[in-house]
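Structure, as structure tokens:
The figures here come from the full heavy-atom set of this structure, side chains too, leaving out hydrogens, waters and symmetry mates. Keep in mind that what you see is a predicted model, and the values were worked out from it rather than measured. Just so we're on the same page: letters track the sequence lines, and every chain starts at 1.
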There are 2 protein chains.
Amino acid sequence: MQNTIGNLRRAPVNVVAGGVPALCAQCDARHIGLCDALPDDDLHFLASVARQARIEKGRGFVTEGDPARQFFNINHGTAKLFKDLPDGRRQITGFAGAGDFIGLAANATYMFGAEALETVQLCSFDRGELRAVFARFPAIERRLLDVASHELIIAQEQMLLLGRKTAVERVASFLDGWGLRVASCQGAATRLDLPMTRNDLAEYLGLTVETISRALATLRKQGVVAVGADHVISVIDPARLAAIGQAEG
Amino acid sequence: MQNTIGNLRRAPVNVVAGGVPALCAQCDARHIGLCDALPDDDLHFLASVARQARIEKGRGFVTEGDPARQFFNINHGTAKLFKDLPDGRRQITGFAGAGDFIGLAANATYMFGAEALETVQLCSFDRGELRAVFARFPAIERRLLDVASHELIIAQEQMLLLGRKTAVERVASFLDGWGLRVASCQGAATRLDLPMTRNDLAEYLGLTVETISRALATLRKQGVVAVGADHVISVIDPARLAAIGQAEG
DNA sequence: CGCGTGACTTGATCTGGATCAAGGTGGCGG
DNA sequence: CCGCCACCTTGATCCAGATCAAGTCACGCG
């Protein structure tokens with residue numbers, strides 16, 4: 001239950017003349033997620049209540065059960081969100097990347113844990129101060145409702161996956177979904193650069209590492225993907241991958 | 001993709017002097033869910049944009065893929081929400097009862113199907129008109145964000161269940177959760193009156209009917225529950241049930 | 001350079017829950 | 001009253017994925 005963020009600091013609100021706050025200028029999420037709902041001017045107000053932090057790879061920054069004092073918005077990097085059972089079984093409930101909001105699914109205490117898969121940069125907002133932000137910018141609250149609704153859709157998709165899909169279907173679904181995710185930022189990518197280990201994948205898809213490995217081998221033998229070194233997976237046949245993931249194949 | 005609601009009608013806004021709209025008077029959800037966020041006066045405005053409908057047991061009223069034109073708020077009865085795979089595999093993503101809101105997890109089209117488990121009464125709101133409601137009552141939008149956040153917590157809990165729990169743990173989790181749910185309305189109940197069949201349960205918990213039956217038999221033999229006729233299950237040892245569901249036992 | 005360690009793969013075996021099969025029970029229409 | 005049908009239970013067998021086991025590979029470190 002220790003404070004997992006040591007290096008929080010009040011964000012400096014340096015303003016480039018006529019531009020966006022320095023804090024936001026090189027933020028990967030400037031034009032997605034929360035902040036895109038605001039004109040540049042209002043962004044200054046938001047930046048003034050934000051603190052920026054850098055989380056090293058492998059470091060946890062949310063502990064399930066801790067009082068939920070802050071929201072987070074990821075600027076750069078990827079984190080995993082998870083829930084554990086007392087005996088160590090773990091379910092990763094999602095991966096959060098640039099623009100993603102962490103902390104919606106919380107009441108008094110966090111109902112999940114979070115850990116950086118790679119070095120993560122994020123903005124954190126005090127939950128109390130956020131009330132003030134809502135009052136001033138109803139657009140943000142509306143945006144949050146949209147975000148939450150979308151997360152609900154993703155969550156239901158994941159329940160279908162966990163409850164009903166086979167191992168190969170789960171892996172295909174994941175790769176297809178991850179492809180769409182990066183495609184929405186960059187162009188349609190054939191080369192996926194995954195930030196997570198096979199073990200993370202297993203904990204996300206409700207399987208074991210060995211089964212992930214075998215499912216990837218199956219997809220490779222079918223000529224659907226090519227498995228490279230260092231977490232790189234190339235999609236050879238995107239249509240087939242999608243079909244398998246949707247259980248149409 | 002046919003319209004599954006045949007008997008929608010414009011709700012009459014009969015006002016009992018100094019009271020709540022007649023539409024809302026005997027609504028089970030009057031003091032939970034959406035409407036509790038409003039004083040009686042404002043309720044009239046809300047009622048004026050609501051249509052009330054009655055869905056017979058076993059009747060579907062949302063079809064995945066249909067254009068998402070309305071939100072629903074259940075007044076009475078229970079419905080199941082689900083997602084299907086092309087080959088017929090089904091995952092029930094949740095059960096919605098009085099006060100529960102249906103339609104958050106949708107964008108242009110519904111991303112799930114819904115069907116009444118017992119005769120259901122509900123209010124439906126046109127999504128367009130709801131914009132106007134938001135503008136007039138920001139409290140509702142805030143409430144919806146709370147609702148969505150809470151649903152997100154439930155969804156993550158369910159992912160943990162589907163991805164990592166054993167059959168007996170899943171059934172225990174469900175019974176424990178259902179017990180808490182009815183306890184929050186009525187007092188702590190030892191006698192659970194379930195509206196769904198064993199098959200629904202299986203589709204909710206990612207199992208088969210047979211496994212549900214066996215898991216209940218196990219819990220019965222352990223003296224944790226008693227299985228009665230007609231969907232009645234009595235909780236003999238609530239603490240033990242909760243422990244098994246949380247995988248602490 | 002050798003050694004230790006963490007991530008991954010592949011093979012052999014085991015097992016929890018699925019599938020297949022056979023009743024039991026109760027409501028309901030004729 | 002009977003026969004049908006939907007729902008549930010219990011038993012026998014099967015199998016997808018877990019578990020156990022053994023390597024391979026890349027990398028950091030003394």
- prompt: Within this structure, what is the CD-to-P distance between B:E203 and C:dA18, rounded to whole angstrom?
  reply: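 Nearest whole value for this atom pair: 12 Å.
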query: What integer distance in Å separates B:D230:CG from C:dC28:P?
result: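 That distance rounds to 10 Å.
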task: Give a yes or no on whether the ring-centroid distance for B:F71 and B:F101 is below 6.0 angstrom.
output: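 Yes; B:F101 has its ring centre under 6.0 Å from that of B:F71.
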query: Would a line drawn from the ring center of B:F61 to the ring center of B:F72 be shorter than 6.0 Å?
result: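 So the answer is yes for these two rings.
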- request: Spell out yes or no: do the side chain of B:R214 and the base of C:dT19 have one donor N/O and one acceptor N/O closer than 3.5 Å?
  value: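 Indeed, a donor on one side and an acceptor on the other fall under 3.5 Å apart.
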task: Find which nucleotide of DNA chain D each of A:K165 and A:E210 is nearest to by heavy atoms, and output the residue with the more 5' nucleotide.
output: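 Between the two, 5'-proximity favours A:K165.
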Classify the nucleic acid contact of [X] as base, sugar-phosphate or nothing, counting any heavy atom under 4.0 Å across all strands shown.
| X | value |
| --- | --- |
| B:G58 | nothing |
| B:A217 | sugar-phosphate |
| B:L207 | sugar-phosphate |
| A:L216 | nothing |
| A:R170 | nothing |

query: Which nucleotide in the list C:dT10, C:dA7, C:dT19 gets nearest to the side chain of A:T197?
result: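 For A:T197, the side-chain atoms sit closest to C:dA7.
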message: Is it true that B:K83 and B:T93 share a donor-acceptor pair across their side chains at a distance under 3.5 Å?
response: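 Side chains of B:T93 and B:K83: no pair found under 3.5 Å.
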- prompt: According to a strict under-4.0 Å criterion, is A:H231 in side-chain N/O contact with OP1 or OP2 of C:dC8?
  reply: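 Answer yes for this pair, as a side-chain N or O of A:H231 is under 4.0 Å from OP1 or OP2.
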field: Check ion pair B:D84-A:R164 (N to O, under 4.0 angstrom)
entry: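 No salt bridge links B:D84 with A:R164.
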field: Ion pair A:D193/A:R191, N-O distance below 4.0 Å
entry: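 Between A:R191 and A:D193 there is a salt bridge, with a charged N closer than 4.0 Å to a carboxylate O.
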field: Positional range of nucleotides in DNA chain D within the contact set of chain B, heavy-atom, under 4.0 Å
entry: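 First-to-last contact on DNA chain D, by the 4.0 Å heavy-atom rule, is D:dC8 to D:dA12.
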- prompt: DNA chain C: A:N199 or B:T208, which has the more 5' nearest nucleotide?
  reply: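 On the 5' side of the pair lies A:N199.
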query: Relative to the ring of A:Y204, is the ring of A:F174 parallel (under 30°), tilted (30 to 60°) or perpendicular (over 60°)?
result: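 Answer is perpendicular, since the angle exceeds 60°.
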message: Any heavy-atom pair between the side chains of B:V232 and B:L194 that's under 4.5 Å?
response: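 SC-SC contact between B:L194 and B:V232 ruled out.
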